[in-house]
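So you know, we letter chains A, B, ... as the sequences are listed, proteins then strands, and number each from 1. As the structure is a computational prediction, the values presented were derived from the model and not from experiment.
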Amino acid sequence: MEKINPSLVQEELNKLAGEPLYIHLETTNGAYASHNDKSMLSAGAFIRNVKLQYKIGKITGPGPYRVGLETEMGWLYSEGLTEWEIDEEGRLLLAGHDAVGRLAIALELSKTPFRK
Amino acid sequence: MEEKHVLVIFPHPDDEAFGVAGTILSHTDAGTPVTYVCLTLGEMGRNMGRPVMANRETLPDIRREELEEAARLLGIDDLRKFGMRDKTVEFTDQDALAKRFQEVIEEIEPTTIITFYPGYAVHPDHDATGAAVVQAVRQLKKENRPRIHAIAFAEGSEEEIGDPDVVTDVRQYRDRKLDVIGAHASQTAGLMEQVRGHMEAQDETIEYMLQTERFWTYPIEE
Ligand SMILES: [Zn+2]
């Protein structure tokens with residue numbers, strides 16, 4: 001993955017607007033967070049292969065970045081994005097990593113389903 | 001204790017490295033076959049390598065290769081990947097999972113199963129794996145039951161389930177165990193840096209983990 005270039009990501013978001021997409025959205029601070037530090041709450045969520053179509057998609061912020069997608073009925077919001085790539089299968093992958101490279105958030109958009 | 005066949009059941013690639021690699025090496029070196037059932041490919045791992053070398057979608061293939069290399073280093077010929085997804089083990093059909101374990105048990109007739117101690121293994125996948133193993137063994141006829149050597153590492157485990165009854169000195173396998181841990185590079189690069197970086201000022205808990213392996217024989221009541 002590479003450091004996010006917001007204008008390039010914005011171009012990709014524009015191309016995908018209105019398309020039926022499969023989404024992987026995830027955030028985590030690790031299953032061991034509260035084991036390693038009792039004051040921490042292990043919290044995380046992922047949803048994979050949910051179908052979504054958005055009207056407007058924007059990337060914002062000075063970096064780390066935020067991406068918001070407005071759909072007919074609601075929103076997708078993500079924060080803390082630092083890296084991106086278009087992978088070999090043409091999917092838009094965005095992720096946020098902490099200082100030591102651990103993934104904290106991932107937002108992935110694809111025209112075809114992700115591997116279950 | 002004579003072992004004929006050892007069955008190792010864990011949810012994540014690298015679970016076999018930290019708590020049991022020395023024990024596995026002692027068995028495979030002695031010519032005792034070891035079968036390793038690994039439920040997932042650690043698809044949802046947070047570590048992506050140092051520097052970052054994976055993304056969420058490439059991680060499974062990278063970890064599959066790491067798992068295969070670790071198994072090779074451990075002398076394990078029979079590695080079975082169960083094709084489940086990381087983080088979802090506790091939500092799966094536990095009866096069906098226990099049944100899959102039973103089929104393996106009936107096929108290879110292990111004398112010992114090594115897994116996690118349900119309720120004391122921190123990660124929900126670990127606890128769920130241990131629980132399904134216990135269920136599988138409990139449903140077998142008494143005379144067909146292998147013993148379960150379970151790993152617990154939750155805070156306060158000893159207060160609740162007592163001290164481990166099997167404490168093995170694996171000092172002689174220390175370096176090879178470290179290689180097995182290192183085979184899971186996407187997940188362990190940070191730890192390896194720590195261990196290999198300051199050879200003198202070793203972290204005591206890491207060194208203890210490399211040299212000592214602890215198991216609780218799981219009590220299966222009727
Ligand atoms: Zn694990």
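Counting heavy-atom neighbours within 6.0 Å of B:Arg171 CZ, excluding the residue itself, gives a total of 12 or less. The environment of NZ in A:Lys55 is crowded: more than 12 heavy-atom neighbours from other residues, nucleotides or ligands sit within 6.0 Å. The number of heavy-atom neighbours closer than 6.0 Å to CD of B:Glu103, taken from other residues, nucleotides and ligands shown, is above 12. The environment of CD1 in A:Ile47 is sparse: at most 12 heavy-atom neighbours from other residues, nucleotides or ligands sit within 6.0 Å.
Using a 4.5 Å cut-off between heavy atoms, B:Pro60 contacts chain A through its side chain alone, with no backbone atom that close. Heavy atoms of A:Glu83 lying under 4.5 Å from chain B are absent altogether. Looking at B:Thr88, the atoms closer than 4.5 Å to chain A (heavy atoms on both sides) all sit in the side chain, from C-beta outward. Proximity to chain A (any heavy atom under 4.5 Å) is restricted, for B:Ala154, to the backbone atoms N, CA, C and O. Both the backbone and the side chain of B:Arg46 come within contact range of chain A, each with at least one heavy atom under 4.5 Å from a heavy atom of that chain.
Side-chain contact between B:Asp61 and A:Arg115: present, with at least one pair of heavy atoms (C-beta onward) separated by less than 4.5 Å. In this structure the side chain of A:Arg48 reaches within 4.5 angstrom of the side chain of B:Arg85, judged on heavy atoms.
Listed here is the closest heavy atom pair of B:Asn47 and A:Arg102: OD1-CG, 3.0 Å.
With respect to chain B, the highest number of heavy-atom pairs below 4.5 Å among A:Glu88, A:Glu26, A:Glu85 belongs to A:Glu26. Options B:Glu155, B:Glu57, B:Met48, B:Lys87 differ in how many heavy-atom pairs under 4.5 Å they form with chain A, and the most are formed by B:Glu57.
Note that NZ of A:Lys116 and CE of B:Met84 are 10.0 Å apart. Values are rounded to the nearest 0.5 Å.
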